[in-house]
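Please read the structure below before turning to the comments.
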Amino acid sequence: MDTATPVPGTAEHRETGTVTYRQAVLDDVPVVVPLVESAYRGDASRAGWTTEADLLDGQRTDPQGVAAVISAPGSVLLLVERDGETVACCQLEHRGEAAYFGMFAVRPELQGAGLGKAIIAEAERRVRALWDVREMHMTVITARAELIAWYERRGYRRTGETSPFPYGDERFGLPRREDLRFELLVKPLADPLV
């Protein structure tokens, strides 16, 4: 499932070189956890635009959570590498006629250069090829208006369907606000044969 995807003439090619994708294995857990944490939590995350540091303290994930994603049937943790170094990741999970997209993290210093767009396009291509699904689903904290707008520009639509944030479960962080909830975003996927 390893692939190399140089995208000549695009920002991610000029700034990050040749990008490769591969499925994570359990030995990758020690690399994935700090990558995800750096993209979302603490002062280091403020170097990028995906930070949740104003909404949540504590951890975004832990080794057990990442290992569970890697090991679960119907789940793929896709690693994105540049010159053998992990620079991003995302979770793809088969859920019936849809796939779920989560745990999306790009190193803060590489955000804003077009790499995220290329990764989400590759994720959509892969779930169509792997599972022949018709939709990609994700959940985003509703307070993340800028992030939701970014996904909308990629073809995702807000459904209005919300679910509560898991207050009291420190595995998901320590909320700094009492109004956090998730909204389901959905994108129809084109037929893989087209």
Side-chain angles (χ1 to χ4, degrees), residues 21-81 85-96 98-111 116 119-120 123 126-127 131 135-148 150-151 156 158-186:
Y21 299 87
R22 70 173 177 87
Q23 186 168 336
V25 296
L26 290 175
D27 286 346
D28 294 311
V29 170
V31 172
V32 174
V33 173
L35 168 66
V36 173
E37 294 299 311
S38 74
Y40 291 98
R41 302 290 162 81
D43 287 336
S45 69
R46 294 182 192 279
W49 68 275
T50 61
T51 184
E52 295 173 344
D54 294 329
L55 302 174
L56 296 151
D57 290 320
Q59 68 182 29
R60 172 71 188 253
T61 193
D62 58 26
Q64 296 79 14
V66 172
V69 168
I70 291 170
S71 302
S75 176
V76 171
L77 183 61
L78 189 62
L79 292 187
V80 183
E81 297 177 329
E85 185 176 3
T86 302
V87 297
C89 67
C90 65
Q91 170 193 8
L92 307 173
E93 184 180 318
H94 189 202
R95 295 184 178 178
Y100 178 79
F101 180 82
M103 204 180 287
F104 187 28
V106 175
R107 270 201 194 157
E109 67 273 15
L110 298 177
Q111 293 176 15
I119 294 167
I120 200 164
R126 282 180 183 247
V127 298
W131 302 312
E135 290 184 332
M136 183 80 93
H137 293 188
M138 68 175 68
T139 55
V140 179
I141 295 174
T142 57
R144 305 287 318 279
E146 185 179 2
L147 183 59
I148 290 171
W150 188 85
Y151 284 121
Y156 288 81
R158 298 182 78 163
T159 64
E161 182 181 325
T162 62
S163 56
F165 185 85
Y167 285 93
D169 189 341
E170 292 185 11
R171 292 177 302 153
F172 299 97
L174 304 170
R176 300 180 80 182
R177 296 170 44 164
E178 296 182 13
D179 63 343
L180 299 180
R181 63 187 189 284
F182 295 102
E183 182 172 357
L184 175 67
L185 276 61
V186 174

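In this chain, numbering begins with 1 at the start of the sequence shown.
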Under a 4.5 Å cut-off applied to non-hydrogen side-chain atoms, are [X] and [Y] in contact?
X	Y	answer
Thr61	Glu37	yes
Phe165	Leu55	no
Leu56	Ile141	yes
Arg95	His137	no
Thr142	Phe182	no
Val69	Glu93	no
Val76	Trp131	yes

Original post:
side-chain contact (heavy atoms from CB on, under 4.5 Å) between Met138 and Phe104: does it pass, once the steps are laid out?
Top reply: CA-CA 10 Å; Met138 68 175 68; Phe104 187 28; over 6 Å; no

Spatial distance of atom [atom1] ([X]) from atom [atom2] ([Y]) [nearest 0.5 Å]:
X	Y	atom1	atom2	answer
Leu79	Glu85	CG	CD	12.5 Å
Leu35	Met103	CG	CE	10.0 Å
Asp54	Arg177	CG	CZ	9.5 Å
Leu185	Glu161	CG	CD	11.0 Å
Glu52	Arg144	CD	CZ	5.0 Å
Leu180	Tyr167	CG	OH	3.5 Å

**OP:** Please test Ile148 against Tyr156 for side-chain contact (heavy atoms from CB on, under 4.5 Å), starting from the C-alpha separation and ending with a verdict.
**Re:** CA-CA 9 Å; Ile148 290 171; Tyr156 288 81; over 6 Å; no

Minimum heavy-atom separation for [X] and [Y], please, with both atom names.
X	Y	value
Val29	Pro34	O-CD, 4.5 Å
Arg107	Thr86	NH2-O, 3.3 Å
Gly173	Arg41	CA-NH1, 3.6 Å
Cys90	Ile119	SG-CG2, 4.2 Å
Ala105	Ala39	CB-CB, 3.9 Å

**OP:** Would you confirm whether Glu183, through its side chain, and Val140, through its main-chain N or O, come within 3.5 Å as a donor-acceptor pair?
**Re:** no

Original post:
Is the number of heavy atoms from other residues, nucleotides or ligands under 6.0 Å of Glu109 CD greater than 12?
Top reply: yes

**OP:** Under the side-chain contact (heavy atoms from CB on, under 4.5 Å) rule, what do Tyr151 and Ile120 come out as? Steps first, then yes or no, please.
**Re:** CA-CA 10 Å; Tyr151 284 121; Ile120 200 164; 3.6 Å; yes

**OP:** Give a yes-or-no answer on whether the side chains of Ser75 and Tyr100 include a donor-acceptor pair shorter than 3.5 Å.
**Re:** no

**OP:** Kindly determine whether Asp28 and Leu77 satisfy side-chain contact (heavy atoms from CB on, under 4.5 Å), including the steps that lead there.
**Re:** CA-CA 10 Å; Asp28 294 311; Leu77 183 61; over 6 Å; no

